[in-house]
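In the text below, chain A, chain B and the rest are named by the order of the sequence lines, each starting its count at 1.
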Amino acid sequence: MSYQLHGSTFESDEEGYITDISLWNEELADLIAQDEDIEMTDDHWEVVNFLREYYEEYQIAPAIRVLTKAIKKKLGPEKGNSGYLYELFPYGPAKQACKIAGLPKPTGCI
Amino acid sequence: MKGERKMLHTVNKSPYERNTLESCLRLAKAGSAILLIEDGVYAAIAGSAAADQVAARTDDFTFHVLGPDIEARGLADKQLIDGVAVVDYTGFVELVAEYDAVQSWL
Amino acid sequence: MNAEIATEFDTEGVQKNFMFVNRKAPYGSIYALEALEMVLISAAFEQNAVIAFIDDGVYQIVKGQDTKAAGMKNFSPTFGVIEMEKEDADEDPDIDMVWRIVVERDSMEQRGLTAEDFSIAVEVLDSAELADLMNAQDVVLSA
């Protein structure tokens, strides 16, 4: 699989996670989001940016439980709960948001 | 309860290649069982350099060695250290069932 | 993992004491990385965990690892997740699990290291203390 953007090809695995993390940009994120039937809002970007910062620091994509907990710490309990995150990313916040953020599939993903 | 718990430790590396046996002997609690498997069985041969390490601790631990791994390595005719019991695969399973937890020293 | 298979196990309310024994240096084999992933997964199930670094395993958490020139992924920052899990477990009353990160003193000192050399906060234990702790576990997983 791959994504096409302005004549460039971005390779991805069979589930749609881009293979070269360093090639990610916000336009590509929008394109991946479209593929996932998600229209990016500021709330979506907040989570996606959070994930990218988390990955930058820990070199790993967080599992949903860790994501929820970490967001609760940083953005408060009204956002750090799975209900809110599933509203934004209905097919699994960790999985879908990581894909849009250009990160690998989270470890321990069930 | 805690004091009564007993562990089985398995060691599968040759004492001449790795410090696996040494670490097991340092960190297993007295009263534990130690089962030598795969290349770990070389430590059970009497008269070898590693034998002293095992022989010195037979009061602290119950030592076992896996027979099929002894035979596979052409050691069937060798003398084993006194106090080391040979078990087959069934014996291996029985040991696992008998003890509260297993630590595999790799 | 396949969701259909995973749901056949009912882990609700099951909590055991796990020890993860790390005895291998970080880049020479896949053991260290695989064990780290195992620890992270156990957090998802709110299990009690002791993460122990023994023998060459103490090299896993040495700070300042830079794998760029060697062309490998540097997974040492990921140990920060373990440290964070432990802090959350200690501080958040909603999290019902106990985590400990321990290093065997002999292993550390033999290698000329001190607790200052590690990228995460650890408890340094004598061999006898570690032996007692290991013996008290329900499950010991080793790498």
Within a 6.0 Å radius of atom [atom1] on [X], are there more than 12 heavy atoms belonging to other residues, nucleotides or ligands?
X: B/Q79; atom1: CD; answer: no
X: C/F75; atom1: CZ; answer: yes
X: C/N74; atom1: CG; answer: yes
X: C/K73; atom1: NZ; answer: yes

### Message
Out of B/V102, B/N19, B/L27, return the one with the most heavy atom pairs under 4.5 angstrom to chain C.
### Response
B/L27
### Message
Keeping C/R23 on the side-chain end and B/L106 on the backbone end, is there a donor-acceptor pair under 3.5 Å?
### Response
yes
### Query
Taking the side chain from C/S142 and the backbone from B/W105, do they hold a donor-acceptor pair closer than 3.5 Å?
no
### Message
Between C/S107, C/S127, C/A128, who has the most heavy-atom pairs with chain B when the cutoff is under 4.5 Å?
### Response
C/S127
### Message
Less than 4.5 Å to any heavy atom of chain C: does that hold for the side chain of B/T20, its backbone, both, or neither?
### Response
both
## Note on the structure
The interface call for B/D100 against chain C, heavy-atom contacts under 4.5 Å, is backbone
### Gap separating the CE atom of C/M134 from the CE atom of B/M7, nearest 0.5 angstrom
6.0 Å
### Distance in Å, B/H9 NE2 paired with C/N135 CG, rounded so as to fall on 0.5 Å steps
6.5 Å
#### Entry: pair C/D138-B/R5: side-chain heavy atoms closer than 4.5 Å
yes
### Query
Tell me, do B/R26 and C/D55 make a side-chain contact under 4.5 Å, heavy atoms counted?
yes
### Task
Check each atom of C/A143 against the heavy atoms of chain B and say whether the ones under 4.5 Å are side chain, backbone, both or neither.
backbone
### Query
What part of C/D132 lies closer than 4.5 angstrom to a heavy atom of chain B: side chain, backbone, both or neither?
both
